[in-house]
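Worksheet: one structure, shown below.
What you are looking at is a predicted structure, and each value in this text was computed from that prediction instead of being measured. In what follows, chains carry the letters A, B, and so on, assigned in the order in which the sequence lines appear, proteins first and then strands, with residues in each chain numbered from 1.
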Protein chains: 2
Amino acid sequence: MGDVFKALADPTRRAILDELQDRSGQALFELCVRLTGKGFTSTRQAISQHLAVLSEAGLVVVRREGRYMFIDLDTSPLRQIYERWRVDTCESDT
Amino acid sequence: MGDVFKALADPTRRAILDELQDRSGQALFELCVRLTGKGFTSTRQAISQHLAVLSEAGLVVVRREGRYMFIDLDTSPLRQIYERWRVDTCESDT
DNA sequence: ACGATAGGAAAGCCACTGCTTGCATGTCAA
DNA sequence: TTGACATGCAAGCAGTGGCTTTCCTATCGT
């Protein structure tokens with residue numbers, strides 16, 4: 001399984017995760033339209049390659065139906081980050 | 001301020017954070033010794049450059065005293081990750 | 001069947017990143 | 001003061017990453 005941290009290193013990939021959190025189960029072309037609407041200039045191929053990385057990291061689950069490719073978010077791999085470094089919960093956030 | 005995600009993308013930098021979580025406030029040369037003891041082959045310059053990235057991301061705070069450079073861990077920038085994507089707490093972790 | 005739509009595969013390019021190398025600076029001990 | 005120690009700075013190099021480009025496959029509507 002791939003590297004979760006490297007998967008999160010790219011801003012476009014993070015935007016994909018954001019978009020999927022907002023609405024999971026989108027098709028690839030749908031995702032492309034949504035992202036270009038939010039100012040991202042990535043082509044379909046670029047998004048597709050990003051999805052491959054995210055899928056390798058387990059952050060995304062791909063489900064094929066007919067000629068569509070539906071993408072679901074899976075945030076569970078993030079837990080390994082959350083458990084690795086403790087964050088002081090009571091801190092000066094003024 | 002730098003990119004927290006990019007800072008976490010490198011395995012050596014993550015090892016530095018691990019080392020600092022285990023013992024914060026180490027000097028640079030101390031950190032180098034510890035890391036080489038754990039199988040990392042990085043030179044001092046490499047570690048120093050990694051620390052610059054971590055410092056840019058706010059994950060590390062540098063404090064100079066005499067000829068020593070003490071490094072403290074600061075995990076608070078990680079909170080923005082924890083708050084960005086919700087992780088299902090009740091999940092099949094069998 | 002045919003065209004349009006949704007997506008896949010691979011090669012090439014460019015920029016960035018991590019690392020090394022070499023030298024310079026500054027601090028402490030004797 | 002002098003040498004040893006701890007670190008800074010910058011140029012150069014090799015590997016990687018993200019993107020484009022081109023072409024190909026497969027599915028649906030009519």
Worksheet item: In degrees, rounded to 10°, what is the bend between the two ends of the helix from C/dA1-D/dT30 to C/dA30-D/dT1, using five pairs at each?
Response: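 Comparing the axis at each end, I get an angle of 30°.
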Discussion item. Reading DNA chain D from 5' onward, which residue's closest nucleotide shows up sooner: B/Tyr68 or A/Tyr68?
Written reply: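 Taking each residue's closest nucleotide, the earlier one in sequence belongs to B/Tyr68.
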Worksheet item: Mapping B/Val62 and A/Arg64 onto DNA chain D by nearest heavy atom, which one lands closer to the 5' end?
Response: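 Closest to the 5' end, via its nearest nucleotide, is B/Val62.
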Measure from [atom1] on [X] to [atom2] on [N] and round the result to the nearest Å.
X	N	atom1	atom2	value
B/Asp10	D/dG15	CG	P	17 Å
A/Glu30	C/dG7	CD	P	9 Å
B/Met69	C/dG26	CE	C1'	14 Å
A/Lys6	D/dG15	NZ	C1'	10 Å
B/Arg13	C/dT17	CZ	P	9 Å
A/Glu56	D/dG18	CD	P	13 Å
A/Leu28	D/dA26	CG	P	18 Å
B/His50	D/dT7	NE2	P	16 Å

Practice prompt. Could you check which of D/dT7, D/dC19, C/dT20 has an atom nearest any side-chain atom of B/Thr43?
Written response: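 Closest nucleotide to the B/Thr43 side chain: C/dT20.
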Validation row: [X], [Y] side chains within 4.5 angstrom (heavy atoms):
X	Y	value
A/Asp18	B/Arg84	yes
B/Leu73	B/Ile16	no
A/Ile81	A/Phe5	yes

Worksheet item: Using a cut-off of 4.0 Å on non-hydrogen atoms, how would the nucleic acid contact of A/Ala9 be classed: base, sugar-phosphate, or nothing?
Response: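 Here A/Ala9 touches no strand at all.
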Discussion item. What's B/Arg44 touching, base or sugar-phosphate or nothing? Going by heavy atoms closer than 4.0 Å.
Written reply: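 If one applies the 4.0 Å heavy-atom cut-off, B/Arg44 turns out to touch a base.
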Discussion item. Using a 3.5 Å distance criterion without hydrogens, assess whether the side chain of B/Arg13 forms a donor-acceptor pair with backbone atoms of B/Leu8.
Written reply: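 No; zero donor-acceptor contacts below 3.5 Å.
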Worksheet item: Below 4.0 angstrom, N of the basic side chain to O of the carboxylate: do A/Lys38 and A/Asp22 qualify?
Response: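 Looking at A/Asp22 together with A/Lys38, the answer is no, because their closest N to O distance does not fall below 4.0 Å.
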Fill in: Side-chain N,O (A/Ser48) to OP1/OP2 (C/dG7) below 4.0 Å
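No, A/Ser48 has no side-chain N/O under 4.0 Å of OP1/OP2 on C/dG7.
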Discussion item. With a 3.5 Å cut-off and heavy atoms only, can you find an N or O donor on one side and an acceptor on the other between the side chain of A/Gln49 and the base of D/dT20?
Written reply: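 Under the 3.5 Å cut-off, the side chain and the base do form a donor-acceptor pair.
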Worksheet item: Is B/Arg67 side chain donor-acceptor paired with the D/dT7 base, going by distance under 3.5 Å alone?
Response: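 Donor-acceptor pair under 3.5 Å: no.
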Practice prompt. Applying side chain to side chain contact (heavy atoms under 4.5 Å, CB included), run through A/Phe40 and A/Arg34 and close with a yes or a no.
Written response: CA-CA 9 Å; A/Phe40 289 86; A/Arg34 294 281 211 99; over 6 Å; no
Worksheet item: Who else is in A/Tyr68's hydrophobic cluster (ILVMFWY, side-chain heavy atoms under 4.5 Å, direct or via others)?
Response: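 A/Phe29, A/Phe70, listed by chain and number.
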